[in-house]
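Report on one structure; see the data block that follows.
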Amino acid sequence: MDPQLSVPQDNAIKPMSERPNETSTHIDRASGAEMMRILRCVDAHLFAGFCTGPGLYDQDTLKRLDSLSEIAAQILQENASARVTGKRTIVFSGCGTSGRVAWLCARIFNRLLLSLQPGALPCFQYLLAGGDPSLVISNELPEDDPHLGARELMAVTAGYDSVLYFGISCGLSAPYVAGQLHYAMQQPNFTTCLIGFNPVQLARAVPIENWNLTFRDVALALDDLEKQMFACIAQQAESPPSQAMEADSTTFHIGQAIVMPYSTKWPFLKGLPGVIDKVAAELAEDGSRNYVVKVVQSSKLHHKYVSERELLAVPANASVSNGNGSVSSGNASASASNMSSPVSLPQASPAAQPPAARCFTLTPFIGPEAITGSSRMKGGSMTKILIDTIMLRAFAIVHGPALRITPVPFVHPPLRLSKTPTIPSSVSFLSLFEETYAAAYRPTQEIGRLIECAGRALQQPNGHLYYVSFGSAGVVGLMDQSEMVDTYGARLDEVRAFMIGGWIDADNRDGDLRGLGLPFQISHEDFVTTIVPTLTENDMVIGLDCGDDTGVRGPLLLALFEAVSRTPAWMGTVSVLSQDAGKPIFSSMWGLPLPRLVSHAVVYLKHHSINCTMPVFAEFAMKLLTNAITTGANIVKGAVYGNRMINLTVSNNKLFHRSVEIVSLIAKVDTPVATESLLRAIAQSDFPSEDFRRAPLSALIAVATPMTFIVPTAALLATGKYTYQTARAALSSGIRLCDLIHQATH
């Protein structure tokens with residue numbers, strides 16, 4: 001057998017993201033409302049933390065959020081400044097749900113930027129393994145290619161002087177992201193941040209095809225660089241001022257350029273608006289770094305020594321030249337390090353020397369998922385919380401008055417890196433997300449009824465669940481439906497999302513994808529022409545609204561829903577609105593005699609001070625609710641055993657090994673037996689050939705990807721009571737898998 005097919009024995013401690021959650025052990029026996037309560041308890045760990053690990057409100061996490069937000073603010077400021085040359089960008093990247101959250105964040109923040117700076121060029125970019133088609137249909141095989149990841153990151157960052165890159169892998173397992181991290185942390189013009197929800201020591205150590213590194217190798221190297229960076233900051237903070245800085249105050253004159261050794265403290269000049277044109281780091285001929293400050297306003301400043309914020313805000317690769325008062329940043333090399341095997345990791349510099357690039361790890365403990373390994377839920381939610389908090393605070397630093405954000409006192413004074421008291425801390429934004437979470441789970445009974453009705457629809461051989469919506473609700477619905485095939489083995493047409501405006505409102509890189517086939521036809525016109533005429537009593541349609549109507553799309557959505565009311569389909573609505581937004585779009589239908597209108601769920605958010613950032617929080621609430629609806633519906637359908645998904649698609653390295661673990665657990669067999677059973681299920685034979693057994697894992701995955709019921713089949717085979725043919729026949733009989741397993745093992 002190929003050695004890659006065995007689960008590594010050195011991973012004795014299972015990663016947090018792959019553990020079952022005790023709270024949801026019997027979620028497959030719960031009613032819809034009970035499922036909502038279970039999910040509410042599980043999601044509480046987003047904010048409360050889990051066991052003894054670092055949580056969202058720990059000072060180390062808050063320190064990183066504050067630092068990253070101020071680096072992002074510098075990029076926004078410099079992009080908006082006519083005096084600063086060069087280009088800067090912020091990139092979010094991931095696979096599956098992580099990549100879709102990257103798209104969601106890039107979309108909303110480019111729109112926020114344009115609303116504050118009309119005519120501004122987009123600053124935020126996203127990368128998704130498999131490209132834009134994966135926004136609708138997951139193509140998780142590219143997730144296993146680190147070289148592809150690195151090439152795509154190089155392509156979108158070529159020509160940029162400064163890059164803030166977020167590599168997202170909830171389980172610290174995606175080779176696509178590992179390749180990008182490996183490239184990014186060797187680029188002096190990058191700030192690199194890894195987002196995931198396992199300790200870096202438990203990152204996946206499974207060998208990656210055509211690469212001599214594992215994700216764990218890369219994660220540990222990045223973690224070492226981060227520790228070195230913060231150690232350097234601490235050392236700088238403790239060192240005494242240099243002789244050149246001993247005076248109580250200094251007078252600076254317009255046009256004066258001040259050069260200071262990198263190893264010394266320097267005046268805190270940025271706290272005085274209009275005084276400084278640019279602060280940068282200059283690489284001298286001997287390789288040493290210097291600070292260069294260009295004064296644009298004469299002022300007498302008292303010395304205030306460098307803080308962590310200011311050190312992190314200095315681009316490590318920037319260069320300053322010329323004597324005419326202009327300052328320009330140096331351009332990093334666009335060429336990547338050699339990605340062909342073997343590859344090497346960046347080495348830590350001596351303790352006294354800052355690393356070439358700034359690196360961060362954001363890995364708060366959020367506990368196991370409600371459905372084991374389903375990182376689309378808490379993993380996706382926490383990813384959005386972290387990125388949104390960083391970017392909202394960055395916008396508050398640059399555009400605070402325009403956002404009408406009410407100043408919130410700093411909760412943790414030691415972490416107050418900003419000298420401007422009107423800028424909210426990261427805690428301020430985290431508390432708003434926590435309020436949103438609490439509000440989202442209040443309509444327990446209403447969402448519970450939607451779950452049960454949607455589940456009954458999906459139980460039917462030709463049943464469907466459809467979302468219809470627009471704007472923020474539309475993109476969240478699209479993200480939710482795209483996760484059904486791989487997570488629960490759903491048919492391509494089983495759960496679909498449609499949005500008014502279609503791809504025009506998606507802001508995706510490739511634009512209109514309707515030409516790729518029926519699943520990519522997502523506009524309301526497509527829904528009217530292809531879906532409404534076919535609706536039956538086996539279908540359910542749910543209208544979604546995030547309260548971002550401009551007066552045109554709301555009436556269209558209501559008309560669309562009224563057309564559905566004249567069909568046999570079941571209906572429901574979900575609205576997330578600001579407290580002062582008035583009545584929901586669907587409220588005009590509440591008093592009508594519509595027996596198939598199952599439930600209205602309305603969530604009100606009390607964020608009076610949020611103004612144009614309201615969609616950020618509405619999207620978060622809508623994500624929690626749509627995740628609950630489709631998860632609960634698939635539980636009712638029978639796609640979950642206990643709290644484990646059993647009909648997932650084996651479409652990449654991670655899902656292959658997860659499938660082995662699920663088979664081992666359900667059938668109560670060891671890993672070799674579970675692996676052998678999974679091979680038999682993929683080969684559709686009780687006796688796979690030797691060539692098949694020796695095939696590389698990528699070849700087996702290519703065979704398995706279009707197949708359904710692989711894990712349930714393998715679980716029955718593992719009991720030793722079934723052949724391949726009798727296992728498939730048993731699964732087709734309509735008897736639940738848990739009952740078949742019980743019969744085979746008792």
Side-chain angles (χ1 to χ4, degrees), residues 23-24 27 30 32-48 56 97 101 104-105 108 366-367 369-371 374 376-389 392 429-452 454 467 469 471-477 479-481 483 497 542-548 572-581 584-586 598-608 610 613-633:
T23 303
S24 60
I27 195 171
E34 290 168 342
M35 290 180 198
M36 279 292 286
R37 296 187 187 106
I38 291 171
L39 294 176
R40 180 176 61 198
C41 290
V42 172
D43 280 349
H45 290 135
L46 290 168
F47 303 96
L56 191 60
T97 296
V101 172
L104 200 67
C105 292
I108 196 69
I366 60 175
E369 295 283 359
I371 305 301
S374 182
R376 81 187 191 99
M377 301 181 74
K378 275 201 298 188
S381 298
M382 180 56 92
T383 299
K384 181 166 172 57
I385 291 170
L386 293 172
I387 291 178
D388 286 355
T389 295
L392 285 174
F429 294 103
L430 294 178
S431 66
L432 293 177
F433 279 106
E434 191 165 7
E435 289 178 18
T436 303
Y437 145 80
Y441 277 109
R442 287 194 186 110
T444 301
Q445 298 293 339
E446 292 85 349
I447 297 295
R449 288 194 289 271
L450 295 178
I451 287 173
E452 292 173 355
Y467 291 133
S469 53
S472 292
V475 294
V476 173
M479 181 173 71
D480 189 69
Q481 68 97 44
E483 296 154 349
I542 299 179
L544 308 176
D545 173 28
C546 274
D548 53 352
T573 67
V574 180
S575 301
V576 180
L577 308 171
S578 174
Q579 184 100 21
D580 54 1
I585 289 172
F586 304 107
V598 177
S599 181
H600 300 282
V602 182
V603 173
Y604 285 106
L605 304 182
K606 299 180 180 179
H607 304 152
H608 298 294
I610 297 305
T613 65
M614 165 70 187
V616 174
F617 297 95
E619 286 178 356
F620 175 63
M622 188 62 75
K623 178 190 179 298
L624 296 178
L625 296 173
T626 53
N627 282 174
I629 290 168
T630 49
T631 297

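As the structure is a prediction and not an experimental result, all values here were calculated from the model.
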For [X] and [Y], work out which heavy atoms get closest and say how close.
X: I38; Y: A30; value: CD1-CB, 4.2 Å
X: S472; Y: D548; value: N-OD2, 3.0 Å
X: L625; Y: A440; value: CD2-O, 3.2 Å
X: L450; Y: G572; value: CD2-CA, 3.6 Å
X: F617; Y: F429; value: CE2-O, 4.2 Å
X: G547; Y: L577; value: CA-CD2, 3.6 Å

Give the intermediate values and the outcome of side-chain contact (heavy atoms from CB on, under 4.5 Å) for residues I451 and I447.
CA-CA 6 Å; I451 287 173; I447 297 295; 4.1 Å; yes
Please tell me if the side chains of [X] and [Y] come closer than 4.5 Å, counting only heavy atoms from C-beta onward.
X: L624; Y: T436; answer: no
X: M35; Y: I27; answer: yes
X: E369; Y: T631; answer: no
X: L432; Y: F620; answer: no
X: M377; Y: V42; answer: no
X: P443; Y: V603; answer: yes
X: M479; Y: V101; answer: yes
X: Y604; Y: P584; answer: yes

When rounded to the nearest 0.5 angstrom, what distance separates [atom1] in [X] from [atom2] in [Y]?
X: L56; Y: M382; atom1: CG; atom2: CE; result: 4.5 Å
X: R449; Y: H600; atom1: CZ; atom2: NE2; result: 10.0 Å
X: I385; Y: L392; atom1: CD1; atom2: CG; result: 12.0 Å
X: R376; Y: N627; atom1: CZ; atom2: CG; result: 4.5 Å
X: I387; Y: L104; atom1: CD1; atom2: CG; result: 9.5 Å

Chi angles and distances behind the side-chain contact (heavy atoms from CB on, under 4.5 Å) call for L46, K378
CA-CA 7 Å; L46 290 168; K378 275 201 298 188; 4.1 Å; yes
side-chain contact (heavy atoms from CB on, under 4.5 Å) between C546 and V476: does it pass, once the steps are laid out?
CA-CA 10 Å; C546 274; V476 173; 5.6 Å; no
Apply ring pair (Phe, Tyr, Trp, His ring centres under 6.0 Å) to F47 and list each qualifying residue two or more places apart in sequence or on a separate chain.
Y437
So, the side chain of [X] versus the backbone of [Y]: is there a donor-acceptor pair under 3.5 Å, distance only?
X: T630; Y: T626; answer: yes
X: K623; Y: A618; answer: no
X: S24; Y: A370; answer: yes

Worked verdict on V574 versus I629 for side-chain contact (heavy atoms from CB on, under 4.5 Å):
CA-CA 10 Å; V574 180; I629 290 168; 4.2 Å; yes
